[in-house]
Amino acid sequence: MKKKDIIAKILFVITLLAIWEFVSKNHLLGPRSELIFPSLEKIMQAFVSNFTKGYAGISLWTYVINSLKLLLKGLVIGILGAFILSGLATLSHTLASIFNLLISVFDLLPGVALLPVIIIVLGVNSDVIVFLVIHSVLWPMSRSILDGFMAVPKIYVEAGNNIGLKNLSLILGVYFPASISYLLSGLKVGWARAWRGLISAEMIFGIASCPGIGLYINQMRTNMNNAEMYATLIVIIIIGVIVQYGVLAPIEKNTVKKWGMSS
Amino acid sequence: MKKKDIIAKILFVITLLAIWEFVSKNHLLGPRSELIFPSLEKIMQAFVSNFTKGYAGISLWTYVINSLKLLLKGLVIGILGAFILSGLATLSHTLASIFNLLISVFDLLPGVALLPVIIIVLGVNSDVIVFLVIHSVLWPMSRSILDGFMAVPKIYVEAGNNIGLKNLSLILGVYFPASISYLLSGLKVGWARAWRGLISAEMIFGIASCPGIGLYINQMRTNMNNAEMYATLIVIIIIGVIVQYGVLAPIEKNTVKKWGMSS
Amino acid sequence: MSEYSLRIESLSKAYFNDTESSIILKNINLSVRKNEFLCILGPSGCGKTTLLRCIAGFEEHTGQIYVNDSLCTVPGMDRIMVFQDFNQLFPWKTVLQNILFPLKRKGINSTAERKEIAREALSKVKLSDYESYYPHQLSGGMKQRVAIAKALALKPDIILMDEPFAALDAMTRRELQNEMLTISQEESSTIIFVTHNIQEALILGTRNIVLQKGGEIILDEENSLTKPVTPNSEGYGAAWQRLRDAIYLSC
Amino acid sequence: MSEYSLRIESLSKAYFNDTESSIILKNINLSVRKNEFLCILGPSGCGKTTLLRCIAGFEEHTGQIYVNDSLCTVPGMDRIMVFQDFNQLFPWKTVLQNILFPLKRKGINSTAERKEIAREALSKVKLSDYESYYPHQLSGGMKQRVAIAKALALKPDIILMDEPFAALDAMTRRELQNEMLTISQEESSTIIFVTHNIQEALILGTRNIVLQKGGEIILDEENSLTKPVTPNSEGYGAAWQRLRDAIYLSC
Amino acid sequence: GKASSADTQSSSAPMDATLNLAYQYGLSYAPAVIAQQQQYIEQIYHEKTGGTLTINWSQMSSGADINTAIASGELDGGFMGAAPAITGVTKGLGYKIFTNLSGQEHGLMTNDSSITSIGDLIGSDKQIALVNTGSIQHILLAKALYDNGYDAHALDSNIVAMKHPDGKTALESGAVSCHLTSSPYIFVEKTNPDLHELTEVSDSYTAANTFIVGIASEELVNTNPEVYSALCEGIQQGMDLINSDVRTAAGITAELDGNDPEVEEEYLQKGVYTAETSRLFELATFMYENGFLDNDPLSYENLVFPNVSGN
Ligand SMILES: Nc1ncnc2c1ncn2[C@@H]1O[C@H](COP(=O)(O)OP(=O)(O)OP(=O)(O)O)[C@@H](O)[C@H]1O
Ligand SMILES: Nc1ncnc2c1ncn2[C@@H]1O[C@H](COP(=O)(O)OP(=O)(O)OP(=O)(O)O)[C@@H](O)[C@H]1O
Ligand SMILES: [Mg+2]
Ligand SMILES: [Mg+2]
């Protein structure tokens, strides 16, 4: 069963790549389409050159490391913030309804429109990017947690109350584990949000002394180095897949699956 | 109880506004901070002038309408797509695992990096914006639906199987209503994603024949009309609040709340 | 067609955990005749629910299960299950809708007809006043009664009932027992009925089996008491004692 | 301190739906002495669970509930509830952890001591072999037994039990009945016990009440049968008949 | 689907054509905006051929997006900074420059009174805000460094990339020390008494030099010379209006740029709007030699269509 799935996944990826290569090799989308659909070979070469040559004499590694640091910082703060706010929301109906309003409003605001305010408050440094990552993660993550907490079956909350759980102990002892499948779902969304938030933040706001992957992509875009840009996306994908199958899936297996809370 | 919540929300909003005004009036963030923190009065004037004067002789109304059209189009396609894909995923374990991979990968890709491919396939027109909105909505929405489907208590699926529900009828008859609180949560996230996706898409890509709210914000930013920009954000917020409390909350009340599936 | 509505051949079922596997049902062979009322007794955790779930088609297993002589691997409307769990009703449907919906699935296209059938079933379980309630507004016993009404309304070939009356008071229980007796006499349904109540088994069953821990059938006997059975029926005491001894032995 | 561990004064409870309100409990007055074993009987849907939930502190209501003379409005560890629902165990904890966790909350700080208490309770409900199982791997009756073990291990002032033995086979039920009798004799716990089984009420209760549909207490009598009670005990038949009549009347 | 690019094959109205163009934000694009608003190109085309020309204008926020759209054949031309245009031509995207559009003032402003020349910045941790690494502003910084005898990349690690308005905010709030910006932000910043200019940048490349150019695909030039010449002439007409009647021109663009007409007029007068390029090839060569460009531009003729004059 599991082996079948892995084979299916590999076949699927190969099919996608084959389609790409077919479009590229046959110039299906216009005579100059190899600029936009470079062949897989070119992308692989670009992949290597990203790491050996890099941009401005700096290997892509450095960009990736810089970005991952900011990403993690934003992600952790965003997740913790979401937990704290959602936790507070369980304490009172009024807090919950204010918090709901807060999410509904702030989640709509494009980060770029907040930039002037952020720059004035935080100055010009990597905190701005961290802030924008937090802004991308905090609201959808809070939404998942809050909705997860709301959907916790009443009987678990009552069983918790019954053995004296209140406030923090109730959140940690009941709300948290009982809504774990929401939390994991939120974590997956939050993780993707963080990446996209990071890259767009680094695109509108690049610090040359701490250059990130978004700046790199922007650079490759500016220079029309599409092969290098796709190769950079592949790096993002690889990191994403590692996190998905190396971190999130095992967590899932050891919680929701093990506890019979998910099929 | 409900009245108390409304009062609390209003007080909360007034507090936020008062802080803004205080910072603005007292130049707390530097002598020129009134450019970044225009007074509420200025923002209200800008709000009015957005609709009366507008930009390029066109009232903000037109921009909003144009954007809403694209937004709805992207949102509807994104949501339907998410349902179809998640529905397919319930049919087989292999499909589900492929689809999971797909989401994990595509949700990480910044829309701007896909632009070359999108432009070559769709051309330079408003479809590109719709596509970017779909790209913002589809993956997180699919994630919510898929995880919601996975978390449907086994007994409902079995009870459904027992009365002959299969495939589509099982999805519509069981998975869909049983995971409604996930779906609503996903809808809220998707709605916010769609807005932010739309605005950033319109910022990188404005169609003169169909100018949208993102173009408007970009223009106000470029022209350093911060009061007008904030006033535009207020329009977005108002639309968001109307949808949240006029559409999503009633749905919630008539489903999860009514059915005792949420506290 | 054979005389059996259900034939189970060398059915075994094990659950696999990380490290160990536990065998729940071991080589069960059981043939149930049409219109038979089979009661299953046995200690808590011996596998009664698991057996019902295998028959209903919810569990993977080894061995074969034939319903009306055709091999059965997936769930179907010919075998309607009343689960042991209180939360088997769809929370998004009212009491009435919970019964109407399967009737529609069954192919009864006239709304009026469906409503009539559903209301009749509800009145049998004495819940006519609650048809517009949602499941979360019902008591435990009321939820079970709705599930029973649903099964009765559907008139399947085989009704699988997992301790359906456990949460009911003596009077309601008695009334529903009578209802079941009527159905088993008037309709052609085969009924497989799990209960912990020996008296109930004797009153209802035309055949009683006792499952033992480890998953084997330790006793399988026709119930020869003439209906209606009361504690004063001839042979009641002896039959009661046989079942009780088998259960005690099986733990 | 008074002699009552529980005093309920003019308790009423109604549920409000969109349009109508339904009154479930109507002006209940009830005082339960320390160490009393109070059995509550009544037809399905009459409000037994609701009454227990009010005592446990889960429901808003009018009227006052005093536990050991102090007004009680929120849940607390002095009143441990065994719910009617099978899904009351935390699915993210094993059987053993489900019992250990509340013990820790109760303030028993030694891990060894907690384990000893929990294992003893598990052996009383005959689930020693299942301590590392997760709830979803248990049968219905086994889940209920874990919940019972949890309540017993905690030794609260008041144990609220909502049809705890409904899903158990005759033998296990008998054993746990004996266990409850021992506890009520040896410990100082007050036990409030909902059951549909008249015999069980007579065997266990020191006092039995019958709740009628509409939420009033229709019968409230001391159980004067000498323990251990068997169907052959003096006065058994009369007491049985009184309870049965009250229940039949109350529907 | 694809917009039919300069499609004249249509049988019913042989002279009807479509043109897809893109431009960016700001008054550097004034001639194109005027041509758009006044429909110069359409009119000229109609006068010459009697056919109808339909132009689809898009407003994009970076030259990179315009490059992409041209490479995929979805745009026939557009207007962008000289730097991305040079990149595009040398990358072989299939277009060349068909006109110079404007030259604008650039300047490096600082809020730090201890700094008097760009040399003071080298080796410090003072931050310089500019639009993007690899942008024309970055290249101008490098060029100013180079012209003053420093390493062209000496200040690369001091750069923080952000849009002009954000850079202005950052500079005025003290979040960065310097801002290298262009019109009209440079005009506004110059009026701020707390700021002063480091003149090396504006000295090394002035408003007279090529800043924004118009580009057109080779396909357009080859297959549709009438449309191409209407495009050239229409843009020329836009520039002519600014140069001959700046008040009317300002009246057209003021609102689009969010300025009062008087202010707009003043700003327009500070720009140089001419079809002739200036120091374009020098800029390209500098870019190539200092690692801003992968491919050698080779010659001026390689960058522009034959009808373009200048250097
Ligand atoms: N997922 C599982 N993994 C491991 N063991 C399981 C699993 N599900 C059920 N079991 C075991 O199967 C056995 C039989 O369970 P089943 O529910 O069939 O019992 P039952 O006879 O219906 O008991 P009861 O009368 O208490 O309802 C139990 O011992 C239980 O622990
Ligand atoms: N949320 C609710 N809204 C409306 N009515 C409700 C709600 N919850 C419970 N009820 C009603 O309260 C009544 C009593 O329910 P309760 O669960 O207390 O009954 P019970 O005596 O425990 O019955 P059983 O023996 O079947 O468990 C029922 O008629 C039920 O319909
Ligand atoms: Mg069972
Ligand atoms: Mg009850």
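Letters A, B, ... mirror the listed sequences (proteins, then strands); counts begin at 1.
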> Chain A: which of Leu184(B), Val189(B), Val117(B), Val105(B) shares the most heavy-atom pairs with it under 4.5 Å?
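Greatest number of close heavy-atom pairs with chain A: Val117(B).
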> Flag the pair Val256(B) / Met150(A) as yes when at least one side-chain heavy-atom distance between them is below 4.5 Å, and no otherwise.
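When only atoms from C-beta onward are counted, Met150(A) and Val256(B) do not touch, as no gap falls below 4.5 Å.
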> For chain B, which candidate among Ser181(A), Pro153(A), Gly111(A) shows the most heavy-atom pairs at distances under 4.5 Å?
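Max contact count across the listed options: Ser181(A).
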> Rounded to the nearest 0.5 Å, what separation is found between the CD1 atom of Ile36(A) and the CG atom of Leu115(B)?
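Here the rounded value is 9.5 Å.
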> Among Ala8(A), Gly214(A), Gly148(A), which residue has the highest count of heavy-atom pairs closer than 4.5 Å to chain B?
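If we count pairs closer than 4.5 Å to chain B, Ala8(A) comes out on top.
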> Heavy-atom cut-off 4.5 Å, strictly under: side chain, backbone, both or neither for Ser92(B) against chain A?
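When you check distances to chain A, no heavy atom of Ser92(B) falls under 4.5 Å.
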> Between Thr94(B) and Phe12(A), does a side-chain contact (heavy atoms from CB on, under 4.5 Å) hold up when you go through it step by step?
CA-CA 11 Å; Thr94(B) 306; Phe12(A) 177 74; over 6 Å; no
> Is chain B contacted by the side chain of Arg143(A), its backbone, both, or neither, given a heavy-atom distance below 4.5 Å?
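The answer is both parts of Arg143(A).
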> Using non-hydrogen atoms and a 4.5 Å limit, figure out which bit of Asn226(B) sits close to chain A: side chain, backbone, both or neither.
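Interface part for Asn226(B): side chain.
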> Could you go through Leu108(A) and Ile239(B), starting from their C-alpha distance and side-chain angles, then the distance that decides it, and tell me whether this counts as side-chain contact (heavy atoms from CB on, under 4.5 Å)?
CA-CA 10 Å; Leu108(A) 293 178; Ile239(B) 297 173; over 6 Å; no
> Nearest 0.5 angstrom please: Phe106(B) CZ to Leu233(A) CG, how far?
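Here the interatomic distance stands at 10.5 Å.
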> With rounding to the nearest 0.5 angstrom, report the CG to CD1 distance, Leu101(B) to Ile237(A).
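Atom-to-atom, Leu101(B):CG and Ile237(A):CD1 are 9.5 Å apart.
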> Under the criterion side-chain contact (heavy atoms from CB on, under 4.5 Å), I'd like the reasoning laid out for His93(B) against Lys4(A): C-alpha separation, chi angles, the key distance, then a yes or no.
CA-CA 10 Å; His93(B) 203 267; Lys4(A) 196 179 110 200; over 6 Å; no
> Less than 4.5 Å to any heavy atom of chain B: does that hold for the side chain of Thr232(A), its backbone, both, or neither?
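Neither; nothing under 4.5 Å.
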> Nearest 0.5 Å, what's the CD1-CD1 distance between Ile204(A) and Ile204(B)?
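One gets 12.0 Å once the value is rounded to the nearest 0.5 Å.
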> Run the numbers on His135(B) and Arg196(A) for side-chain contact (heavy atoms from CB on, under 4.5 Å), then give the verdict.
CA-CA 12 Å; His135(B) 178 62; Arg196(A) 275 165 83 167; 3.0 Å; yes
> Given that the side chain runs from C-beta out, which part of Met220(A) has a heavy atom under 4.5 Å from chain B: side chain, backbone, both or neither?
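Neither part.
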> Taking side chain as everything from C-beta outward and backbone as N, CA, C, O, which of these in Val152(A) sits under 4.5 Å from a heavy atom of chain B? Side chain, backbone, both or neither.
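Looking at Val152(A), nothing touches chain B.
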> Specify which of Ser136(A), Ser185(A), Pro140(A), Pro116(A) makes the most heavy-atom pairs with chain B at under 4.5 Å.
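Of Ser136(A), Ser185(A), Pro140(A), Pro116(A), Ser185(A) has the most heavy-atom pairs under 4.5 Å with chain B.
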> Looking at Leu146(A), Leu35(A), Leu109(A), which one has more heavy-atom pairs under 4.5 Å with chain B than the rest?
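Top option by heavy-atom pairs under 4.5 Å: Leu109(A).
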> Which region of Lys9(A), side chain (C-beta onward) or backbone (N, CA, C, O), has a non-hydrogen atom less than 4.5 Å from a non-hydrogen atom of chain B, or is it both or neither?
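For Lys9(A), heavy atoms of backbone and side chain both lie under 4.5 Å from chain B.
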> Side chain from CB out, backbone as N, CA, C, O: work out which of these in Leu102(A) comes under 4.5 Å of a heavy atom of chain B, or both, or neither.
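For Leu102(A), the contact with chain B is made by the side chain alone.
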> Would Ser104(A) and Tyr245(B) count as having a side-chain donor-acceptor pair, cut-off 3.5 Å?
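No donor-acceptor contact under 3.5 Å links the two side chains.
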> From Glu252(B) CD over to Asp147(A) CG, what is the distance, rounded to the nearest 0.5 angstrom?
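The CD atom of Glu252(B) sits 6.5 Å away from the CG atom of Asp147(A).
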> Please state whether the side chain, the backbone, both or neither of Met229(A) comes within less than 4.5 Å of a heavy atom of chain B.
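The side chain, not the backbone.
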> Any ion pair linking Lys188(B) and Asp107(A) (charged N to carboxylate O, less than 4.0 Å)?
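Salt bridge absent between Asp107(A) and Lys188(B).
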> Find the one option among Trp191(B), Phe149(B), Tyr230(B) whose heavy-atom pairs under 4.5 Å with chain A are most numerous.
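Of the options given, most contacts go to Tyr230(B).
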> Side chain, backbone, both or neither: which part of Ile199(A) has an atom under 4.5 Å from a heavy atom of chain B?
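Only the side chain of Ile199(A) comes within 4.5 Å of chain B.
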